[in-house]
Amino acid sequence: MDDFKPQIVAFCCSNCASSAAKVSHGMKKALPDNIKLIQVPCTGRIETLHLLKPFEEGADGVYVAGCQEDSCQYISGITKAAKRVKQVKDILEGLGIEPERIDVFQMSAGKGQEFVEVANRMVDTVKGLGPVPTA
Amino acid sequence: MIVAESKPIKELLEMVKDFKKILVVGCKGCVTVCNVGGAKEVGILASSLRIHGRKEGRDVVVGEHTLERQCDPEYIDELEEIVGDYDAVISIACGVGPQFLSERYPEKKVFPGVNTKFMGGAVEHGVWAERCAGCGTCAIHLFGGLCPIARCSKSLLNGPCGGSSHGKCEISKDVDCIWDMIVNKMTEQGRLSELLEFRPPKSWTTARDGGPRKMIREELVK
């Protein structure tokens, strides 16, 4: 399990989380290389199917990084995303897959350190769970 | 619209556990509007089945197709060249859909992917409520435009009963007493006395009590 390198897909809001990513880059904080970032104009645009597809394609974990609830410029983007993440958690549970493999995080644009911490936390969580079981 | 909800994924997995080629069929009618059986939901269910197949090490092929409507034979014909490639079909239309598919493709094993709940409408985004019981003889004009058959827990035509309290039904504080609303509406419209008019008992023969129903429109029959 120690050499297991989980494949994780991160959907990042282009306004908050992606700015945080740039800040982290400026701070020379390295993001784990097993995280594939997908930038979206707003996390509210991420559909349930977008969150399921990575698992279908072999990802071990998925997370959404978006704005603080009170700072989404589209008002309710992260709130909608959080509800869809909850829906996918329920689906995964029904499929016998740990719901902890998907999560949602909120951060402001300047939080470069937090952006990297969230990524590392997600890697640790999924590493603890191991790969999505395949018989 | 006809309002439905998805069946639990575990129930669906159990239904199709013996099949390797599954076609998920959606409907662009009512179930698309109530976000349970349209193209999006077909994608979600198909993806879920593939993820589960992968997890179980089963080589499951899941097809996706959404018909204009599953309750009209001419649209179901569209599946003619597709359905042959699959062992099982999950219809996520209302209860009409899987039956029409079963009748049209009798050799296929067809499974319902949703639980059909009621005829109703969206009272707010993501919330649907029952409005019609399909009794076959609409009389809402006698009750201020509100249906006591669909919306009274007892379907009383001479309510309210003793279970009405502060505008709510005794079965739940989340259920409005429709008779409270009817009386208020009729009072506001100055028509309260109409509720005292004698009316013969309602005939339920036009409802489900009269057996399975059929409607024939001679001017449309070919």
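What's counted below: heavy atoms across the whole structure, side chains too, no hydrogens, waters or symmetry copies. All chains are named by letter (A, B, ...) in the order of the sequence lines, taking the proteins before the strands, and each is independently numbered beginning at 1.
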(message) For the CZ atom of R50(B) and the CD atom of E57(A), what is their distance to the nearest 0.5 Å?
(response) 9.0 Å

(message) Counting neighbours of NZ on K108(B) that are heavy atoms of other residues, nucleotides or ligands and sit closer than 6.0 Å, is the number greater than 12?
(response) yes

(message) Once rounded to the nearest 0.5 Å, what's the spacing between atom CD1 of I97(A) and atom CD1 of I51(B)?
(response) 6.0 Å

(message) To the nearest 0.5 Å, what is the distance between CG on L92(A) and NE2 on H52(B)?
(response) 11.5 Å

(request) For each of I9(B), I44(B), L49(B), tally heavy-atom pairs with chain A at distances under 4.5 Å, and name the one with the top tally. (result) I44(B)

(request) Could you tell me which non-hydrogen atom of I91(A) sits nearest to which non-hydrogen atom of S48(B), and how far apart they are? (result) CG2-OG, 3.4 Å

(request) Please indicate whether D59(B) has more than 12 foreign heavy atoms, meaning atoms of other residues, nucleotides or ligands, lying under 6.0 Å from its CG. (result) no

(message) For the NZ atom on K168(B), are there more than 12 heavy atoms of other groups (residues, nucleotides or ligands in this structure) within a distance under 6.0 Å?
(response) yes

(request) Hey, could you give me the OG/NE2 distance between S47(B) and H50(A), rounded to the nearest 0.5 Å? (result) 11.0 Å

(request) Check the surroundings of atom CD1 in I75(A): do more than 12 heavy atoms from other residues, nucleotides or ligands lie under 6.0 Å from it? (result) no

(message) As an exercise, state the distance from OG1 of T48(A) to NZ of K40(B), rounded to the nearest 0.5 Å.
(response) 8.0 Å

(message) Does E81(B) have more than 12 heavy atoms from other residues, nucleotides or ligands lying within 6.0 Å of its CD?
(response) no

